[in-house]
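This report concerns only the one structure given below.
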Amino acid sequence: MINVLVVDDDATLIFLMKRLLQKTGRVSEVRVASDGKEALDILFGGAWAPDLIFLDINMPVMSGWDFLDEFGRSYANKIECEIVMLSSSTREMEKAQAAKHPEVIRYLSKPALYPTILEVVINTDTRKSTGL
Amino acid sequence: MIILAVTPGQYLEYMTELQKILFSLVEKNGIVYFLLDTNHNIEMCSDNMFQVFGYDPPSILGMKLDKLCFGKDRDRLSKLLESALVSKDEKEIEFRLLLSDRRIRIVSATVQTLVTDDNNPKIAIFLRDITDHLNSKLFKDSFFNLSLDLFAILDFTGKVIEINEMWYEKFGYTKEELIKSGIAKVFKSDERMAAGRMYDWLKVSNESMYDYEMECCTKTGETKFISWSARSDALPGLVFLVGRDFTEKKETEQKLVESESKLSAILENTNDVIFSIDINYKLLKFNTAFVRIIEGSYGFKPKAGYSVIDPKVNTLTTMKWKRLYDLALSDRDVDELIDADPPNENLKYEVSMSPIKNEFKDVTGVAVFLRDVTERFKAQEAQLEMSRQLAEKNKDLLDFSFIITHNLRAPTSNLISLLSLYDKDHPANDENLEIMENFEASIHQLNETLADLTMAVKLREEVGKKFELLNLDEVFNNVKSKLPALESKGTIVFRTDFSTVPELIYPKGDLESIFYTLLDNSIKFAHPGRECVISVTSFIVENRVHLTFEDNGMGIDLERYGDRLFGLYQRFHRSDSGKGLGLYFLNTAIKSFGGSISVESEPGKGSKFTVKLIKRESE
């Protein structure tokens with residue numbers, strides 16, 4: 001079982017992601033943040049840590065990129081966490097930029113569909129339980 | 001002559017005496033005479049034979065005269081002597097006489113047979129050495145005909161005595177024609193009087209005339225320039241005339257003068273500044289354009305010898321020119337684009353300098369060529385600006401198209417995901433209801449996005465917008481009354497100063513939307529802890545109308561968001577109720593009329609937006 005953080009400012013998407021993640025049956029807790037800053041606040045709190053983060057790019061206050069920069073600087077060495085980009089952008093440029101961050105394991109384009117989400121969750125859960 | 005009555009004996013005596021005198025006279029005149037017998041043997045020879053031809057008379061007595069004759073002329077002489085014996089007439093012959101030292105002289109002989117009573121005729125021969133005479137004629141003829149100059153010998157009446165072939169060559173008149181009608185016809189009609197006066201002067205003067213240039217005319221009317229030299233000799237009454245044709249030289253000169261005047265016309269009539277200096281920066285030559293530019297910039301007329309570099313003045317202008325001159329003086333070609341000297345520094349000049357060298361390849365000066373390329377430069381700048389704008393527009397469009405796909409994609413992909421979760425078999429279950437609510441929200445979002453995009457596209461259209469003269473106070477007040485956020489925020493202090501630029505020519509809707517968006521933003525992001533103060537001013541900088549909107553609101557972290565501030569769907573405050581379109585639309589609309597918008601801000605202190613619009617003149 002894994003903890004998942006969804007970072008997105010779109011209420012409908014958050015609703016969807018909660019549903020889809022719960023449906024997998026391998027997620028113990030889903031928390032949401034509406035921008036990068038909120039997400040950092042959650043991590044900074046230290047009370048709870050996600051195993052997997054779904055991260056949008058275009059958000060107010062702090063974008064996905066800014067979050068990644070800050071995460072890389074401050075948290076990458078402190079928590080065991082994988083990040084999956086989830087964006088409606090299909091620009092190759094953005095995929096390439098995401099690939100520069102070692103924490104990012106995948107780049108998903110919206111819509112988020114159940115089979116893909118399930119696959120991502122299973123992979124993370126498997127890695128976590130086997131320690132690989 | 002009076003002949004006295006004398007006796008025949010006396011008469012003979014007189015005659016003999018007379019003969020003696022005559023012979024002596026003949027001898028004195030260099031004429032050698034012989035008496036030959038019928039076999040051509042010399043019986044008697046005059047005493048001057050030795051002085052004239054070098055033969056001692058006794059040594060040739062009894063010798064055949066033929067022997068003294070040059071071999072090739074011998075037959076001719078013999079035949080003449082024979083015929084003289086027969087016809088008794090006086091005969092003339094020229095033949096070559098061999099001297100004792102084997103030299104040859106040409107002699108002219110007069111031959112006459114003398115018949116005596118005893119029927120023993122003698123041949124009398126008078127020999128005259130004509131070698132020198134012939135030689136001088138030969139010289140004259142040779143020079144006359146060899147020379148490319150015109151030769152003429154005239155008498156004092158102007159009659160042609162002798163003339164060479166060149167007259168025909170140069171003027172097309174034959175020798176006969178000129179002998180018949182005189183040489184005056186080769187002078188141009190208006191030169192004839194002067195020629196006549198010159199001729200009269202020559203006759204009375206002992207001096208020679210040299211290089212008197214005259215315009216002459218050929219038989220066919222062609223102009224020839226002839227330089228005449230002449231002298232007269234009063235004794236035979238002759239005038240000697242030599243003419244030299246310098247038409248070609250004259251034509252070349254004329255062409256040179258013409259091409260020089262053309263060149264100087266080009267130099268003088270061009271707007272390009274051309275001048276030269278020596279190695280001490282002293283002016284050598286310059287054209288009128290140079291004078292104009294110096295008078296315009298420095299208020300004095302330049303003269304040759306002036307220094308173009310004042311060694312005492314160390315201004316930037318002086319240094320700029322000195323550097324260029326020094327480059328050229330060090331034997332380098334200079335080609336640079338420079339600003340004109342103050343006060344015309346807004347003009348651009350293309351300057352070319354080339355070293356001037358002497359025959360030893362030393363640099364002795366610099367030729368400078370300046371061309372005003374302001375217009376061309378401006379056109380280039382305008383072109384660069386245009387391509388920059390095009391590139392920017394292109395980037396805008398590219399961004400725009402990505403944003404369209406992105407923003408349409410977000411609600412669409414939500415709809416797809418929602419559909420996949422929808423439980424068709426149990427339409428009424430709670431979960432489905434929640435999905436439907438989200439479904440509705442996404443459809444709504446999609447619709448709004450489409451409306452925004454339609455608006456964004458519309459803003460890019462420049463057509464149909466009417467420029468009109470707008471009063472900034474009126475625009476401000478009009479917009480203020482429409483601001484929705486005004487009431488909910490409590491007191492807001494507005495300060496306006498449109499005194500410098502009270503009016504502006506711009507499309508009304510666009511100017512109102514500038515005011516609306518920026519005022520609305522300032523109010524929306526007012527600092528919660530203090531009274532909101534918004535200042536709006538207008539002024540002119542470099543032909544642009546500046547509108548500034550300054551507030552004391554929350555401010556924006558420009559380090560973080562500066563480059564994205566005017567992008568589509570950018571929101572920077574969590575309290576932002578908008579969709580992040582306001583500044584994007586504003587920026588797009590302002591840019592479409594050649595304006596720009598910029599921002600200065602500090603988080604927590606406030607923001608200042610400056611809108612720069614092109615100042616339009618009313619028509």
Side-chain angles (χ1 to χ4, degrees), chain A residues 6-24 32-41 54 56-70 85-97 107-118, chain B residues 398-399 401-423 429-446 449 525 554 556-557 559-561 563-565 567-581 603:
Chain A
V6 178
V7 190
D8 204 310
D9 63 327
D10 182 349
T12 306
L13 187 107
I14 286 171
F15 164 80
L16 272 169
M17 285 303 289
K18 278 184 176 168
R19 277 295 156 86
L20 294 170
L21 289 167
Q22 275 156 14
K23 208 170 155 186
T24 62
V32 294
S34 62
D35 60 57
K37 183 84 175 47
E38 275 189 17
L40 286 176
D41 287 343
F54 285 97
D56 187 21
I57 294 169
N58 186 23
M59 295 174 287
V61 186
M62 185 187 251
S63 72
W65 300 128
D66 293 335
F67 171 82
L68 280 176
D69 289 341
E70 192 57 36
M85 304 303 290
L86 183 58
S87 164
S88 29
S89 171
T90 49
R91 293 171 90 155
E92 286 305 319
M93 199 181 84
E94 302 196 331
K95 287 185 189 173
Q97 192 178 342
Y107 188 100
L108 296 182
S109 291
K110 291 173 186 175
L113 291 176
Y114 182 66
T116 320
I117 301 297
L118 179 63
Chain B
L398 200 63
D399 287 350
S401 63
F402 274 119
I403 288 160
I404 288 176
T405 51
H406 178 272
N407 288 284
L408 289 176
R409 247 184 109 81
T412 320
S413 47
N414 280 345
L415 286 172
I416 293 167
S417 297
L418 286 166
L419 260 178
S420 74
L421 284 176
Y422 186 73
D423 186 353
N429 76 14
D430 288 353
E431 208 168 298
N432 270 356
L433 280 177
E434 224 177 321
I435 287 170
M436 278 317 286
E437 275 169 28
N438 277 293
F439 210 90
E440 216 180 300
S442 290
I443 294 270
H444 191 69
Q445 193 192 346
L446 189 60
T449 306
F525 305 117
M554 295 192 281
I556 308 156
D557 186 351
E559 251 175 65
R560 204 164 204 176
Y561 308 117
D563 53 340
R564 289 181 283 141
L565 195 60
L568 248 185
Y569 294 104
Q570 299 291 348
R571 283 154 297 161
F572 307 100
H573 299 281
R574 213 161 282 157
S575 59
D576 191 351
S577 56
K579 296 188 297 285
L581 286 172

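Values below: every heavy atom of this structure, side chains too, minus hydrogens, waters and symmetry copies. Here is the naming used below: chain letters follow the sequence lines, and residue numbers restart at 1 for every chain.
- Counted within 6.0 Å of NZ on Lys95(A), heavy atoms from surrounding residues, nucleotides or ligands total more than 12; the atom is thus considered enclosed.
- Of the two parts of Tyr114(A), neither the backbone nor the side chain holds a non-hydrogen atom closer than 4.5 Å to a non-hydrogen atom of chain B.
- From Ser417(B), atom OG reaches atom CZ of Arg19(A) across 13.0 Å, with rounding to the nearest 0.5 Å.
- Proximity to chain A (any heavy atom under 4.5 Å) is shown, for Leu418(B), by both the backbone and the side chain.
- Leu16(A) is listed as a side-chain neighbour of Asn414(B), based on a closest heavy-atom distance under 4.5 Å.
- Pairing each heavy atom of Arg409(B) with each of Ser88(A), the nearest pair is CD-O, 2.9 Å.
- A distance of 11.5 Å separates OG1 in Thr12(A) from CD1 in Ile435(B), rounded to the nearest 0.5 Å.
- With a 4.5 angstrom heavy-atom cutoff, Glu434(B) touches chain A via backbone and side-chain atoms both.
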